[in-house]
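Values below: every heavy atom of this structure, side chains too, minus hydrogens, waters and symmetry copies. Indexing begins at 1, ligand by ligand and atom by atom, following the structure's order. Just so you know, these numbers come straight off a predicted model, no measurement behind them.
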Amino acid sequence: MKIIKFLIINTLCLFVMGKSHPLQAQNKREAKAHNKVLKLMGSRFEVTAVSENDSLAWQAINAAIDEITRIERLISSWDTKSQTSAVNRQAGIKAVQVDEELFRLIARSLKVSKLTDGAFDISFASIDKIWKFDGSMEKMPHEDKIAASVAKINYENILLNEDKKTVFLRKQGMKIGFGAIGKGYAANRAKQVMQALGIKAGLVNAGGDLTAWGQQADGKNWRIAIADPNDKTKVLAWLAIKNTAIVTSGDYERFVTFDGKRYAHIINPRTGYPTTGIKSVTIVCPDAEIGDALATSVFVLGEKAGLSLINQLKGVECLIITDENEVKTSENLELNYL
Ligand code: ADP
Ligand code: MG
């Protein structure tokens, strides 16, 4: 066995294994995995196209990268030129007309908010002025500041006008951000762009949000390893996937520590405090965007409510690693233990 991919996502490490193999048929060119790793949306992205046609594979990979870059320009809340920033600037002032694409992404985000009873909420972002996970924070934010910010979080105050394609954030100081759904959306789109160009098998890993279609170059299913949280070099279990997304939330580079307690970068919209109790959440489902949003939601809901939600959703499975390194899974997750 030769390891052809090694993707480390903090305590969860996912890697895809494959076998090198001889030509399957004479006179037929061998399908190969072509692969590019780069930083996009502030994260490590990996785009893989399996094809016997080298130039088509590279054309598709480059088209996928262009697509992700385009999406980033549209949805980034850091880029002052993005439509998202325009919506945020006009919070409490006026409605802003946006592209159909952004409008639909916001509408889908609101659906997830309803499904998760507000655990997932793109308006969490008004609190990002208070919690900073880039190492710049020196002390715990004052409770009053947190309370004032929480008052600005409420997805029900994101008003969409279907006819005019406008978005209005009802309260001044409100802000939206797509940190918990944007990478999943970008992974979906990158896959669609590659498929439209004729790539029958591939993989897009958008900073831990991974979507795979078809099979590896040797005809085997993609296999994703889940590392043991106690020892990252050990594989805890395998997931064999075909036409599925596997999305992991739990970014251990982004956290703050006060009085020995770790605060992760996912915010509970009700309290304004970062979530505790869960180290990482992996969602397996056909759609990377839904998986991305649900992974964040399970973090906020916690182990019990999170698993109960996932068990109600057909075709969606989940693996949670708790702060105590316990592994909890949804009812129908099929893991192959080593
Ligand atoms: P990761 O960054 O590990 O892939 P997520 O997909 O869960 O994890 O995204 C976390 C990001 O989502 C945060 O950095 C922040 O931008 C945003 N976020 C934090 N809390 C929430 C929330 N309750 N609802 C929606 N988005 C959130
Ligand atoms: Mg997410």
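The N/O atoms of Gly179, backbone and side chain alike, include one that comes under 3.5 Å of an N/O atom in ligand 1. Ligand 1 has a nitrogen or oxygen under 3.5 angstrom from a nitrogen or oxygen of Ile267. Note: no N/O pair closer than 3.5 Å links Asn268 and ligand 1 by distance alone. Checked against a 3.5 angstrom limit, the closest N/O atoms of Ile266 and ligand 1 fall outside it. At a 3.5 angstrom cut-off on N or O pairs, Asp209 does not count as close to ligand 1.
Under the 4.5 Å side-chain heavy-atom criterion for ILVMFWY residues, a single connected hydrophobic cluster contains both Leu38 and Val204.
Close approach of ligand 1 to Ala119 (heavy-atom distance below 4.0 Å) involves ligand atoms 22 (C), 23 (N), 24 (N). Listed by number with element, the atoms of ligand 1 under 4.0 Å from a non-hydrogen atom of Pro269 are 23 (N). Each of the atoms 1 (P), 2 (O), 4 (O) of ligand 1 lies under 4.0 Å from some heavy atom of Lys183.
Judged by distance alone, the side chain of Glu317 and the main-chain N or O of Asn332 form a donor-acceptor pair under 3.5 Å. Between the side chain of Asn205 and the backbone N or O of Thr211 there is no donor-acceptor pair closer than 3.5 Å.
With Phe124, Phe120, Phe178 as candidates, the residue nearest to atom 27 (C) of ligand 1 on a non-hydrogen basis is Phe124. Residue nearest to atom 19 (C) of ligand 1, selected from His265, Met41, Arg270: His265 (by heavy-atom distance).
Salt-bridge check for Glu101 with Arg189: failed, with every basic side-chain N at 4.0 Å or more from each acidic carboxylate O.
Annotation: side chain of Phe120 is not in contact with side chain of Val300 (no heavy-atom distance under 4.5 Å).
The residue from Ser126, Ser149, Ser123 that alone fulfils the side-chain contact (heavy atoms from CB on, under 4.5 Å) condition with Lys175 is Ser126.
No more than 12 heavy atoms of other residues, nucleotides or ligands shown are found within 6.0 angstrom of CD on Glu334. Around atom CZ of Arg104, more than 12 heavy atoms belonging to other residues, nucleotides or ligands sit under 6.0 Å away.
Within the 4.0 Å heavy-atom criterion, neither part of Ala295 lies near ligand 1.
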